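Worksheet: one structure, shown below.
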Amino acid sequence: MEFALASMIGLLTAGGVYLMLRARSFDVILGLTLLSYATNLLIFSAGRLVVGKPPVLREGVAPTLAHYTDPLPQALVLTAIVIAFAMTAVTIVIAMRSRADNGSDHVDAGDEGMP
Amino acid sequence: MKRLMPSIPLSLAVLVLWLLLVADFSPGQVAIGAILGLLLPWLAGMLEPERANFGRTIAILQLTRRVLWDMLLSNIEVARRILGPERALTPGFVWVPLELTNIHGITALASIITLTPGTVSAELAADRRHLLVHCFNLKDPEAQVAEIKARYETLLKEIFP
Amino acid sequence: MSMALEILLSVLLLVGSGFVLVGSFGLVKLSDFFKRLHGPTKATTLGVGCILLGSIGYHAWAGDGLGLREVLITLFLFITAPISAHLMSLAALKLEPGQRPRAPAPTADGEDD
Amino acid sequence: MIDALHVHLPVLPILVPLLFAAAMLLSERRGILVQRALSAAGLACLLAISVALVAVADEGRITAYLLGDWPARLGIALVVDRLNALMVLTTTLLGAACLLHACGGWDRRAIHFHALFQLQLAGLNGAFLTGDLFNLFVFFEVMLIASYGLLLSGGRGPRMRAGLHYVVFNITASTLFLIALGLLYGLLGTLNMAEMGQRVAQADPANLALIRAASGILLVVFCAKAALAPLYLWLPNAYARAPAAVAALFAVMTKVGIYAVLRVYTLVFGGLAGDTPAAMLADWAWAWLLPAGAVTLVLATLGVLASSSLRMLVAFLVIASAATLFIAFSLGTTATLAAGLYYLVHSTFVAAALFLVADLIRRQRGAAGDNLDRNGPLRHNALLGLLFAIGAVSVSGMPPLSGFIGKTLLLDAVPAASMAWVWSVILLTGLLTVVALARTASQVFWRAEPWPDTTPVPAPPGRAHVAAAVVLLGYGLAMTVWAAPVLDYAEAAARQLQSPADYVEAARSTRPQLREPSP
Amino acid sequence: MILEAATSLASPPPMALASTLLPGDTLVDKAVTVSLYMVGIALLLSLYRLLRGPSVPDRILALDTLYVNTIAALILFGMQLHSAVYFEAALVIAMLGFVGTVMLSKYVLRRDIVE
Amino acid sequence: MLQLLLALPFVAALGVMLYRSASRRTTAWLAGLAPLAGLGILASLTPRVLSGEVPQATHPWIPQIGLAFSLRMDGLAWMFALMVLAIGALVVMYARYYLGRREDAPRFFGYLLLFMGSMLGMVLAGNLLLLAVFWELTSITSFLLIGYWSHKNEAREGARMALTITGAGGLALLGGVILIGQVVGSFELDAVLAAGDAIRASTLYPAILGLVLLGIFTKSAQFPFHFWLPHAMAAPTPVSAYLHSATMVKAGVFLLARLYPVLSGTDLFFYVVSAVGAATLLIGAWNAIFQHDLKGLLAYSTISHLGLITLLFGLSTPFAVVAGLFHILNHATFKASLFMAAGIIDHETGTRDMRRLGNLRRYLPYTSALAVIAALAMAGIPLLNGFLSKEMFFAQALELETGGATMRIAVAIVAFLAGAFGVAYSLRFVHDTFFGDGPRAVEREIHEPPRFMRIPVGILAILCLMVGIVPAWTVAPVLATAARGVLGDAVPAYSLAIWHGFNHPLMLSIGGMIAGGLLYLGLRRLMDLHAVARHAMGRHLFRVNTRALLLGARRLTFRITQGSLQRSLWWVLVAVLALAGPATWQALAEGVGPSQPMPPTGWVLWAILMAATVATVVLHRQRLVALLVVGAVGLAVSLVFVLFSAPDLALTQLLVEMVTIALMLLALNYLPQASERSNHPARRWRDVAIALVVGIGIGGLAYAMMTRPLDTIASELLARSLPEGYGRNVVNVILVDFRGFDTFGEITVFGIAGLVVHALLRRARIAPDRVMPGAPGALPMPSNLSHLLFPLALAVSAYMFLRGHNAPGGGFIAGLVLAVPLLLQYVLLGSQYVESRLGFNYVACIGAGLLVAAFSGLASMLLGYPFLTSGHVEPHLPLLGPMPLASAMAFDTGVYLVVFGGAMLILSMMGTIRPPKAPATPPRNPQEAR
Ligand code: NA
Ligand code: NA
């Protein structure tokens with residue numbers, strides 16, 4: 001299991017990084033989406049992989065880690081998902097505006113040079 | 001009354017949904033379900049352009065039974081054809097002329113057509129007088145149209161006059 | 001009773017998943033969009049339906065208590081599947097207008113071009 | 001009532017702006033004046049709170065505030081020491097001036113300006129005050145997303161592209177932050193920074209390499225926010241394109257990254273290790289940061305020289321100041337830390353002031369704007385020249401203003417071992433900065449052409465705009481005149497920073513009021 | 001009465017003891033396992049169509065099917081674990097999974113999905 | 001008293017600059033008042049100073065670094081203060097008439113006074129650090145003065161050059177001062193002067209000496225830093241007269257004198273200082289001969305005289321020091337008057353070019369006479385003050401002991417040459433200006449300037465004479481006092497008289513004069529002096545270097561920053577690899593634990609996720625397809641959450657996925673449908689490589705982490721969730737209770753996202769990438785079905801919300817379960833229709849949500865518990881019995897509102913973008929194909 005999850009994290013990361021390095025805003029957003037999946041899985045994996053022990057307490061079952069998986073990383077991932085969504089929304093809108101204002105969806109569009 | 005409860009069946013549906021969800025039929029939950037049943041259709045009704053009027057409600061049961069049975073049969077039929085050779089298939093479109101004028105009836109008919117395997121309602125003509133249906137295995141378009149109209153449309157006309 | 005129930009449940013589950021599988025198989029095997037469109041209908045109706053029935057029975061049988069909540073899933077699927085199929089058909093017709101037979105009434109030709 | 005406020009003091013710097021922001025959102029349709037009144041009221045409250053916070057912190061006690069009344073390790077604790085109280089006060093003072101500037105008209109153009117501004121302050125204060133690493137991430141995000149809004153609301157064109165870069169860059173950094181957080185939780189099993197510090201100190205040696213990898217990723221994150229080479233590339237364009245009031249507020253944003261480095265790499269991966277095997281983690285980061293700071297300082301100074309617009313120049317000055325801070329903090333003695341803290345506050349104010357002055361100049365220069373390669377006319381030469389001169393003298397470390405005091409403190413504090421090259425870097429970059437600023441002044445003020453008859457004369461500088469710049473420069477002057485008390489505070493803060501055990505003790509020993517403490 | 005009902009939601013649904021959490025050996029359990037495999041294969045087949053296309057509606061259809069198959073998988077997985085915690089997920093897919101299909105189709109139709 | 005003395009110029013400057021409406025006369029009087037009053041104060045202090053007392057005043061400033069506002073007036077400071085004030089007063093008087101009618105007098109006098117104050121501060125500083133402060137202030141204020149005629153290119157360049165060179169020296173000085181402070185333990189001058197031995201013995205001594213001398217040499221225009229001084233002549237003449245006679249350049253030699261007791265006495269000091277002094281002396285003097293500009297000649301002569309003074313201090317004997325101090329005074333007097341005379345000439349003739357001047361004694365008899373006197377003093381002709389100090393220099397040169405005979409001979413030769421050159425350029429000055437033919441091509445009618453312009457020159461010329469003739473009556477007490485200030489009790493015996501007999505120095509002096517005369521005549525004979533064009537080497541180098549620096553900086557900065565996002569991100573990855581790579585490698589090399597076996601269904605998920613991820617990357621340029629495939633990745637991720645016991649996550653992921661797809665589709669309408677392949681293949685492979693490395697690294701880290709044992713606080717969370725958090729869904733209890741503050745921040749982020757999108761789109765007009773022809777067709781059947789679905793979905797949302805604390809669900813999930821069906825209504829019915837019917841104010845919804853969440857936490861604060869402390873009350877209601885109510889529910893309500901409001905605000909804003917007013921043509925420009 002661990003290897004499977006780690007390989008998923010690795011591949012998502014690699015895919016995300018590659019897309020993030022493309023020059024078009026939409027590709028970058030796709031890349032960030034993949035990266036955020038990778039991140040969420042990684043944080044999630046910090047609680048270790050346990051099948052069939054969701055952290056919803058049941059009557060008569062001692063509330064210990066023997067019977068329930070670690071709930072904390074799940075809460076963290078929830079927060080991370082929400083924040084990633086918010087960021088994606090903002091990025092998408094900026095990408096739209098940037099394309100409309102600068103006439104291109106190239107991430108460096110309208111750049112008249114630095115400094 | 002109409003404004004408060006745009007649709008009694010919908011309110012009932014919400015109530016039933018609620019009770020099924022909470023899996024608890026205590027008076028308290030019934031009360032909550034009832035409140036939601038009043039409130040939510042009213043809220044949703046604000047968006048609704050055309051309200052539903054029900055005719056013969058008993059026909060609903062009749063129709064349900066018929067649809068479920070057809071679903072079973074056609075499922076088996078279509079599964080057989082999927083597993084069989086594709087050459088034997090003669091798919092095709094057919095325009096089904098509609099006698100139903102009520103949009104709710106049309107929707108119900110289209111849904112039934114889609115839910116019974118082998119037919120999919122693909123498009124409703126802009127004047128709502130014809131329904132384009134794609135059939136998985138269309139041998140006789142006339143017969144197919146006739147069957148649809150006979151099996152479902154007549155009953156639907158009773159339900160949604 | 002128990003054995004019979006068990007067999008019934010098992011059959012329900014296997015039939016259900018069988019239909020799910022056939023539906024997806026059709027998706028792969030068939031050669032044209034509108035043919036494929038018929039496959040998944042099985043999954044949504046009899047496939048998931050049987051499995052849900054099995055689930056209701058199973059949870060009751062296994063002592064998890066009788067819950068009819070699974071019925072709701074079928075309900076929602078029955079409401080939503082036609083919407084999906086309808087819109088996907090419209091989309092496919094939009095992309096390949098040639099497939100669409102001429103509408104019998106002239107007014108029906110409105111949107112297409 | 002006062003007592004109750006006192007008890008809740010640590011959370012108020014976050015809560016008050018949030019509440020005001022919410023109130024602004026609800027009252028947005030009542031017009032700009034209501035928004036401004038709310039903004040002013042919010043900032044007044046915040047100012048009182050920040051001053052009280054500093055006063056409390058200066059008693060020398062570290063206060064932990066257990067949110068939700070949970071023990072620190074289970075819930076989230078805010079921990080106030082001298083350092084973050086100072087950061088909060090700095091932010092508030094800065095915020096007041098930026099707000100003043102924005103009320104000069106920008107707030108009418110930028111939708112939701114006031115609410116976003118308060119939320120940004122809430123985010124900044126939250127990042128400073130929290131004692132929990134994940135919560136730090138959350139407040140980073142609050143601060144960042146509010147900054148996106150402030151940067152882009154009312155903007156168009158190239159600012160959108162700069163914004164896209166800024167946002168994508170920061171999201172990437174945040175992603176890395178989360179990766180590091182995941183790894184650290186997976187290795188240490190807690191998120192409370194005090195607790196993490198302890199667990200790092202007692203970590204299984206087999207886990208040390210992994211912890212170091214995580215801490216390396218975290219370092220990249222913080223350095224990216226702090227704009228350390230080679231991670232500063234995003235900053236010049238973003239800051240130069242930001243509206244003046246926002247760019248000025250952003251002067252404190254890089255400081256958040258620096259604060260985070262300072263906090264995390266003294267507390268979590270640092271001072272608590274003693275002579276356990278984990279001690280290798282302690283100096284590792286700082287050993288990287290010192291040369292990186294020096295390289296950044298050189299590159300940023302070259303950027304200052306190279307800038308073809310005034311705002312770009314100030315943006316590079318922001319980077320240079322951050323680099324100087326890294327040098328100061330990496331040297332790691334009480335004296336360099338204290339010097340760094342003084343310099344941190346000073347550089348925040350003066351950079352902000354320069355952004356505002358640059359904006360004033362831009363408005364009075366006709367078509368040339370703040371472009372330094374073009375000659376242009378300039379109205380109100382004397383006033384703007386004076387403001388610019390004070391800012392320039394201060395930022396370049398020329399006597400007698402705060403920059404000079406900061407740099408002198410730092411030079412004086414550099415340990416003998418690294419004296420030669422640190423001095424060379426700081427003094428030479430200081431000289432280059434002087435050269436660049438002299439060139440700039442010469443170009444803008446001395447080469448000013450007569451106002452062309454064809455273009456209409458711009459409105460004179462707005463009162464709010466001038467006042468905001470004066471206020472910020474005034475902070476710097478106050479820091480010059482009353483340098484001694486500020487330095488006393490900075491030194492005490494530095495000492496506190498060097499004994500993270502006190503921080504841990506505060507976080508651990510603070511008992512919940514109702515609940516049982518953690519075993 | 002209503003409040004009581006609202007708060008009675010605070011009590012958990014009836015649930016089996018944890019000891020029955022692991023897959024059992026009964027006939028039904030075996031059927032569940034076999035069904036899971038079958039649904040798994042169905043998922044992979046849908047994935048194939050999703051990746052192969054060729055037309056966009058084909059892919060939309062494949063994604064839709066993937067969602068429906070997932071409902072089956074969730075229910076079966078819940079049975080395997082004797083747990084109802086995944087019911088909500090299945091419900092949400094059944095109720096809202098088609099929204100993606102609607103939007104994607106609408107996009108193909110009109111580009112502007114909200115007109 | 002000292003404070004007042006120092007404050008005067010600053011106060012006056014402020015007054016002058018604020019009172020801009022004053023007449024020129026008033027301004028000048030105001031300005032003149034400062035030095036005059038200062039002289040008064042100085043006079044009142046003089047008896048004490050002359051009696052050997054050292055008046056002091058100290059205010060603490062920054063004790064932490066030993067910077068105190070200490071003022072101290074010993075003999076040296078007194079002499080310099082006298083010079084600064086006296087010549088300052090004369091310059092003010094002169095400038096009042098010199099400045100043109102249209103010039104900004106308040107600014108001029110303001111700067112001048114600021115400079116005067118800085119100079120005074122420097123000489124009076126009783127703390128070395130304070131001295132360094134004022135030192136740099138003189139650099140800054142002189143920058144302003146030199147650049148006063150800012151419309152002139154040379155003025156701006158000269159000012160920048162001066163600031164650069166002297167500023168650099170100032171920084172070096174600061175370093176040196178700090179080092180001295182570290183050795184001595186104090187910056188107080190008294191302490192420093194008493195610690196000479198310690199400083200010379202310190203290992204830091206060479207560094208100290210080097211840095212301090214760098215400061216001194218740059219300021220005093222010593223070789224090779226001398227080149228800024230001639231260019232500073234672009235300043236108005238009063239400025240030159242002030243800066244280059246008595247003040248700015250004297251700051252360097254002042255400091256040399258000031259620190260003489262602690263720095264001198266070593267070979268290093270002796271050789272370095274005297275060598276630099278000698279070189280400067282000769283180079284300056286030689287160059288002076290070939291200047292055509294009056295002020296240029298004077299500037300080089302200044303350099304030369306400063307070299308002489310430096311050389312004298314370098315010789316390190318008490319006698320030489322006295323000579324140096326004496327020459328400081330003398331040079332100030334004659335040079336100030338010469339500059340003023342040059343200014344008058346310029347003022348009256350309109351030129352300072354000696355090639356066009358000549359025979360001015362006809363037109364300007366008084367000025368000529370005064371200038372000739374001063375020029376002769378400069379040449380060191382007997383009966384004038386310059387002669388006396390030169391004579392002392394010659395005497396010292398011939399008696400030098402340190403360094404032996406070689407040194408003695410070398411210095412003597414230098415003295416001789418310097419004397420000769422001095423005479424030569426003085427002759428040139430006098431001859432080419434006042435005698436001979438001319439003036440040529442002068443358009444003005446030349447007449448004597450206003451009386452008050454001549455008076456300062458006159459006073460100074462008279463001083464030259466008086467000091468030269470009766471030194472004992474005039475300058476002796478001043479010199480004695482100053483010498484005591486430097487040397488303490490070690491003041492040597494010296495005599496100030498015109499006649500010491502026909503001794504060696506006199507012979508050398510006479511020889512020099514003759515040689516100088518011959519040299520001038522010879523040069524005139526040999527070549528046309530007027531045709532000699534000398535390029536200023538230093539300026540050329542400075543220019544070239546500055547330009548190279550700027551160009552280099554620009555190129556480098558451009559190359560590095562370039563404004564490319566990809567480059568920024570690339571560097572982030574490189575930084576990650578650098579900082580985390582080695583440790584990751586080490587961790588993986590140390591070995592990782594085994595993996596648990598996975599059920600086959602898990603592998604199905606794995607396959608879906610891996611295949612869909614690869615497909616996303618491969619297909620990413622077909623955007624709609626990529627979006628579809630990403631949908632499958634998202635689904636697989638949520639199934640992974642299902643598999644590994646995270647129902648809440650699975651739900652959230654599913655819902656967020658739907659909303660994300662909606663967002664992306666909405667955006668895709670305004671973006672190109674396909675990505676153009678923009679990067680070079682090599683670049684793509686490079687990116688593939690780094691992506692793989694980073695992916696393997698992160699995956700490896702995750703694997704290594706997962707196989708390590710975990711000691712987590714989670715067991716405590718599990719244990720306390722039900723009894724104290726009153727919830728069975730521990731994840732939800734963490735979200736709303738344990739870590740409610742995180743959630744508070746999270747919904748703030750979400751709400752802000754809504755606001756940002758709103759702000760960005762409300763007034764935006766964006767053209768869609770492609771507009772489909774025809775009106776939007778109605779979708780009667782789907783909308784009809786969705787009407788059926790909508791209320792049911794709302795009920796499910798309510799259910800999810802109420803159940804969240806005990807089962808998967810909660811405010812966030814419920815909020816999205818509310819938002820997604822509403823979104824569906826937007827899609828099927830159109831946004832206008834929905835908003836006209838429902839009309840939510842989503843912004844207020846966000847605000848309300850934040851308020852509700854905050855108030856649920858504030859409630860506990862009113863009871864004295866920390867923010868967000870969850871309350872749980874169980875009131876017994878009639879008929880209903882106990883009624884558990886958790887405050888966390890209220891908090892979750894806030895979450896619900898914010899999530900719903902935020903999501904809908906985002907989606908509805910994106911759905912209601914207006915096209916541009918102009919006919920919609922999709923934005924296309926060449927850059928798109930970049
Ligand atoms: Na940042
Ligand atoms: Na920043």
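We name chains A, B, ... by the order of the sequence lines, and we start the count at 1 in each one. As the structure is a prediction and not an experimental result, all values here were calculated from the model.
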Original post:
Can you find a pair of side-chain heavy atoms, one from E/L61 and one from C/P40, that are under 4.5 Å apart?
Top reply: yes
**OP:** Heavy atoms only: give me the nearest E/S105-C/A91 pair and the separation to one decimal.
**Re:** O-CB, 4.0 Å
Subject >> Atom pair CZ (E/R110) and CG (C/L90), whose distance is rounded to the nearest 0.5 Å >> reply: 12.0 Å
Original post:
What are the two closest heavy atoms between C/L27 and E/T65, and how far apart are they?
Top reply: CD2-OG1, 3.8 Å
Original post:
Contact part of C/I7 toward chain E, heavy-atom cut-off under 4.5 Å: side chain, backbone, both or neither?
Top reply: both
**OP:** Would you give the length of the straight line joining atom OG of C/S17 to atom CD1 of E/I75, rounded to the nearest 0.5 angstrom?
**Re:** 13.0 Å
Subject >> Heavy-atom closest pair, residues E/F98 and C/S84 >> reply: CB-OG, 3.2 Å
**OP:** Can you tell which part of C/V28 gets under 4.5 Å to a heavy atom of chain E, answering side chain, backbone, both or neither?
**Re:** both
Original post:
With a 4.5 Å limit on heavy-atom distance, are the side chains of E/D29 and C/Y58 in contact?
Top reply: yes
Subject >> Side chain, backbone, both or neither of E/T101 within contact of chain C (heavy atoms, under 4.5 Å) >> reply: side chain
Subject >> Trace of the side-chain contact (heavy atoms from CB on, under 4.5 Å) decision for E/T26 with C/W61 >> reply: CA-CA 12 Å; E/T26 62; C/W61 168 74; 3.7 Å; yes
Original post:
Could you give the distance from CD1 (E/I93) to OG1 (C/T80), rounded to the nearest 0.5 Å?
Top reply: 11.5 Å
Original post:
What distance separates E/M79 CE from C/H59 NE2, expressed to the nearest 0.5 Å?
Top reply: 6.5 Å
Subject >> Closest-packed option against chain C by number of heavy-atom pairs under 4.5 Å, given E/V68, E/L66, E/V56 >> reply: E/V68
**OP:** Return the option, out of E/N69, E/V99, E/I41, with the maximum number of heavy-atom pairs under 4.5 Å with chain C.
**Re:** E/N69
**OP:** Give the member of E/D64, E/L44, E/D58, E/L104 that has the highest number of heavy-atom pairs under 4.5 Å with chain C.
**Re:** E/D58
Subject >> Side-chain touch E/K30/C/E6, heavy atoms, less than 4.5 angstrom >> reply: no
Original post:
Contact part of E/V32 toward chain C, heavy-atom cut-off under 4.5 Å: side chain, backbone, both or neither?
Top reply: both
Subject >> Top contributor to chain C interface from E/L45, E/V39, E/V102, E/V34 [non-hydrogen pairs under 4.5 Å] >> reply: E/L45
Subject >> Interatomic distance, C/L77 atom CG to E/M95 atom CE [nearest 0.5 angstrom] >> reply: 12.0 Å
Original post:
Which residue out of E/R49, E/M38, E/R52 racks up the most heavy-atom pairs below 4.5 Å with chain C?
Top reply: E/R49
Subject >> Side chain / backbone / both / neither for C/L95 at chain E, heavy atoms under 4.5 Å >> reply: side chain
**OP:** Just give me the residue among E/S55, E/A72, E/S35 that pairs up with chain C most often, heavy atom to heavy atom, under 4.5 Å.
**Re:** E/S35
Subject >> chain C contact via E/L27 - side chain, backbone, both or neither, heavy atoms under 4.5 Å >> reply: both
